[in-house]
Amino acid sequence: MNYKSVIAYNPDTSVLFELTNGNYALVSLDEDDRFLITVSKYAETHLKFGGFEGAKDIPEKTLKKAAAILQKGEKVFN
């Protein structure tokens, strides 16, 4: 999957991407849910639980890890 931008992240837990097709993907960074990607048409679906920080503050290591999981595209749920 290709992403257009990073919307937000939850430290050490997940990263929310806007995909190039207009959907939103929440990528889990948690070891128990490794490689889990949840896709939704609306960003609010993922953001409603709170705990997210702005995308401009995302650590480079977190972004690289989440982007690699997104590119791999395993365990995708809609």
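When all heavy atoms of Gly73 and Val76 are compared, the closest pair comes out as O-CG2, 3.4 Å. In plain terms, the two heavy atoms of Leu16 and His46 that are nearest each other are CD1-CD2, 3.4 Å. Summarising the geometry of Leu19 relative to Met1, their closest heavy-atom pair is CD1-SD, 3.9 Å, with the distance given to 0.1 Å.
Proximity of a side-chain donor or acceptor of Thr13 to a complementary backbone N or O of Pro11 within less than 3.5 Å is detected.
The hydrophobic cluster containing Leu47 also contains Tyr24, counting ILVMFWY residues as joined when their side-chain heavy atoms lie under 4.5 angstrom apart, directly or transitively.
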Notebook entry, point to check: Where do Ile37 and Leu70 land on the side chain to side chain contact (heavy atoms under 4.5 Å, CB included) test, with the steps shown first?
Noted result: CA-CA 7 Å; Ile37 302 168; Leu70 186 66; 4.2 Å; yes

Next item on the list: Mind running side chain to side chain contact (heavy atoms under 4.5 Å, CB included) on Thr20 and Tyr3 for me, showing each step along the way?
Entry: CA-CA 5 Å; Thr20 55; Tyr3 70 94; 5.9 Å; no

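Atom CD1 of residue Ile7 and atom CD of residue Glu18 lie 5.0 Å apart, to the nearest 0.5 angstrom. Ser14 contributes atom OG, which lies 6.5 Å from atom CG of Leu29 (distance to the nearest 0.5 angstrom).
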Identify all side-chain donor-acceptor contacts of residues 48-69 below 3.5 Å with residues at least two apart in sequence or on another chain.
residue: Glu53; atom: OE1; partner: Tyr9; partner atom: OH; Å: 3.2

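The closest side-chain heavy-atom distance from Asn2 to Gln71 is below 4.5 Å.
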